[in-house]
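The structure appears right after this line, and notes come after that.
Note that this is a predicted model, so its numbers are computed, not measured. Naming: A, B, ... by sequence-line order, numbering from 1 per chain.
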Amino acid sequence: GAVVSQHPSRVICKSGTSVKIECRSLDFQATTMFWYRQFPKQSLMLMATSNEGSKATYEQGVEKDKFLINHASLTLSTLTVTSAHPEDSSFYICSAREVGGDEAFFGQGTRLTVV
Amino acid sequence: GNSVTQMEGPVTLSEEAFLTINCTYTATGYPSLFWYVQYPGEGLQLLLKATKADDKGSNKGFEATYRKETTSFHLEKGSVQVSDSAVYFCALSDKVLTGGGNKLTFGTGTQLKVEL
């Protein structure tokens with residue numbers, strides 16, 4: 001099956017700094033990528049949908065200026081958590097949909113801890 | 001809005017035991033239903049899906065039937081193996097047929113541990 005690589009798998013950063021998470025489709029081109037976050041014992045919540053070459057669509061309640069999404073190519077989307085705070089500590093997961101396809105493939109997730 | 005409720009884990013079973021992970025949903029319209037599995041250190045993988053009422057999805061010995069009357073999509077397997085140890089997510093999409101590529105609403109996930 002198609003492979004989506006997410007990097008890093010774990011990151012610890014200091015409060016006030018920014019962290020970038022990468023999501024790459026390794027063997028296919030992805031027109032659409034999705035970013036989710038998951039708090040302990042809670043559901044995966046969709047944060048935003050990004051389409052290659054255009055602005056991301058954010059879900060209600062997600063701060064655009066805090067969670068910057070860039071989908072500059074058909075194989076790479078990045079999520080930057082700006083001025084991170086401890087409450088941003090969470091598990092972030094991306095998924096990518098192949099051009100013309102209807103199934104999305106998931107990365108392995110990134111555990112972010114802000115101290 | 002849409003929501004998915006699944007049983008809390010962890011669920012610990014002995015090898016060859018019968019598995020049921022309950023999943024119920026709330027949705028407007030006629031959603032598609034999915035089970036995803038996440039093995040340690042890997043991304044979520046689609047395990048099975050059903051797109052309409054009474055459909056049964058099956059894969060790798062796992063089954064789930066779309067029950068509209070009870071708004072449920074319980075995951076079952078007759079004989080689990082140690083290699084089935086993973087986290088299982090129930091999810092729905094309000095787009096018929098094309099679930100994975102559209103907005104998915106997930107349950108909290110249920111960790112399954114299978115011991116020898």
Requested in this report: Might you confirm whether atom CE of Met45(A) has over 12 heavy atoms from other residues, nucleotides or ligands at distances under 6.0 Å?
Outcome: no
To the nearest 0.5 Å, atom CD of Gln45(B) lies from atom CZ of Phe105(A) at 10.5 Å
From the list Gly43(B), Gly109(B), Ala91(B), the residue making the most non-hydrogen contacts under 4.5 Å with chain A is Gly43(B)
- [ ] Flag yes if more than 12 heavy atoms outside Glu15(B) fall under 6.0 Å of its CD atom; otherwise flag no.
- [x] yes
Bottom line for Tyr39(B): the part with an atom under 4.5 Å from chain A's heavy atoms is neither
Whatever's closer than 4.5 Å to a heavy atom in chain B on Gln6(A) counts as neither
Are Leu13(B) and Leu75(B) connected into the same hydrophobic cluster when the rule is that any two of I, L, V, M, F, W, Y join if their side-chain heavy atoms are below 4.5 Å apart?
yes
inquiry  = Other residues, nucleotides and ligands only: do more than 12 of their heavy atoms fall within 6.0 Å of NE2 on His85(A)?
reply    = yes
Query raised in the report: For Ile12(A), does the CD1 atom have more than 12 heavy-atom neighbours from other residues, nucleotides or ligands under 6.0 Å away?
Result: no
Heavy-atom nearest pair, Gln38(B) first then Gln108(A), reads NE2-O, 3.7 Å
If you tally heavy-atom pairs under 4.5 Å between each of Ala96(A), Gly107(A), Cys94(A) and chain B, the highest tally belongs to Gly107(A)
- [ ] Please check if the side chain of Ser43(A) supplies one atom and the backbone of Phe106(B) the other of a donor-acceptor pair under 3.5 Å.
- [x] yes
In this structure, are over 12 heavy atoms from other groups packed under 6.0 Å from Lys64(A) atom NZ? no
When the 4.5 angstrom heavy-atom criterion is applied to Leu46(A) and chain B, the contacting part is side chain
Q. Does the side chain of Ile93(A) reach to within under 4.5 Å of the side chain of Leu44(B), using non-hydrogen atoms?
A. yes
Problem set entry | Val80(B) with Val87(B), same ILVMFWY side-chain cluster at under 4.5 Å | no
